[in-house]
Amino acid sequence: QVQLVESGGGSVQAGGSLRLSCVASGYAYRRYRMGWFRQAPGKEREGVAAIYIDSSSTYYADSVKGRFTISRDNAENTLYLQMNSLKPEDTAMYYCAATPPPYGGAWYMAVEYNYWGQGTQVTVSS
């Protein structure tokens, strides 16, 4: 019983920044593990970052570590992904995802998440 809506995507030049937002509805939101995934044309959906209850733990794909920051504002029911130093290879559709406890599997596996947003497109040009 969670609905996710992403926003903040767009087109930027390499080296630029974007901030993605995901607004979640549902009173159980604060218990959920939240994640950002991305999917480029012809490629499988891959995990970008994840965050656990009360921001207790965060995880990042090696490809974005040091450039992206995931955070959540539980009071506003919002998940964020700050994306800095963007590269052309970051171009993809970005999805917000959530899963309730008990948590299992790896954070970067799409099959471990039960709820998904519709996605927001990020395009980085050189």
Side-chain angles (χ1 to χ4, degrees):
Q1 195 68 29
V2 173
Q3 185 175 14
L4 308 173
V5 180
E6 305 98 332
S7 63
S11 298
V12 298
Q13 293 184 326
S17 298
L18 286 173
R19 189 194 194 197
L20 307 184
S21 299
C22 172
V23 178
S25 62
Y27 57 81
Y29 162 78
R30 296 180 182 182
R31 302 187 297 110
Y32 282 51
R33 177 175 70 187
M34 306 289 294
W36 286 100
F37 287 74
R38 65 186 182 186
Q39 187 167 23
K43 299 181 64 178
E44 296 295 318
R45 190 171 299 183
E46 63 176 348
V48 176
I51 188 167
Y52 287 74
I53 298 174
D54 297 325
S55 304
S56 58
S57 299
T58 58
Y59 300 91
Y60 297 92
D62 289 341
S63 60
V64 307
K65 193 171 298 182
R67 299 187 297 120
F68 292 9
T69 302
I70 188 171
S71 62
R72 63 192 295 172
D73 185 341
N74 290 333
E76 299 295 329
N77 293 340
T78 304
L79 176 74
Y80 300 99
L81 184 68
Q82 179 65 46
M83 310 165 69
N84 298 326
S85 301
L86 284 162
K87 305 175 180 179
E89 53 261 44
D90 294 319
T91 295
M93 184 73 74
Y94 283 71
Y95 298 90
C96 175
T99 193
Y103 311 122
W107 69 266
Y108 53 83
M109 298 293 293
V111 296
E112 298 296 329
Y113 293 79
N114 295 329
Y115 301 96
W116 294 86
Q118 297 301 305
T120 184
Q121 178 67 39
V122 171
T123 301
V124 185
S125 61
S126 59

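- Here the side chains of Thr120 and Ser7 are not in contact, with every heavy-atom distance at 4.5 Å or above.
- Between the side chain of Arg33 and the main chain of Pro102, no donor-acceptor pair closer than 3.5 Å is present.
- When the shell of 6.0 Å around CD of Gln82 is examined, it contains more than 12 heavy atoms from other residues, nucleotides or ligands.
- Shown here is Tyr115, whose OH atom has more than 12 heavy atoms of other residues, nucleotides or ligands within 6.0 Å.
- What you find for Gln121 and Ala92 is that their closest heavy atoms are NE2-O, 3.3 Å.
- Under the 4.5 Å side-chain criterion, counting only non-hydrogen atoms from C-beta, Leu86 is not in contact with Gln13.
- Ring to ring, Trp116 and Phe37 are close: their centroids are under 6.0 angstrom apart.
- At a threshold of 4.0 Å, the pair Asp90-Lys87 does not count as salt-bridged, since none of the basic side-chain nitrogens sits closer than that to a carboxylate oxygen.
- Across every non-hydrogen atom of Ser71 and Ile51, the tightest pair is CA-CD1, 3.8 Å.
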Kindly indicate, with the supporting measurements, whether the criterion side chain to side chain contact (heavy atoms under 4.5 Å, CB included) is fulfilled by Tyr113 and Trp107.
-> CA-CA 9 Å; Tyr113 293 79; Trp107 69 266; 3.9 Å; yes

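- For the pair Glu46 and Arg38, the minimum side-chain heavy-atom distance is below 4.5 Å.
- Of all the heavy atoms in Tyr95 and Gly117, the pair that sits closest is CD2-O, 3.6 Å.
- Gln118 contributes no side-chain N or O that, together with a main-chain N or O of Glu6, makes up a donor-acceptor pair within less than 3.5 Å.
- Within the 4.5 Å cutoff, the side chain of Leu79 has no heavy atoms near those of the Leu4 side chain.
- Aromatic ring orientation, Phe68 versus Tyr94: tilted (interplanar angle from 30° to 60°).
- Of all non-hydrogen atoms in Ser85 and Arg67, the two that sit nearest each other are O-NH1, 3.0 Å.
- Shortest non-hydrogen contact noted between Ser126 and Pro88 is CB-CG, 4.1 Å.
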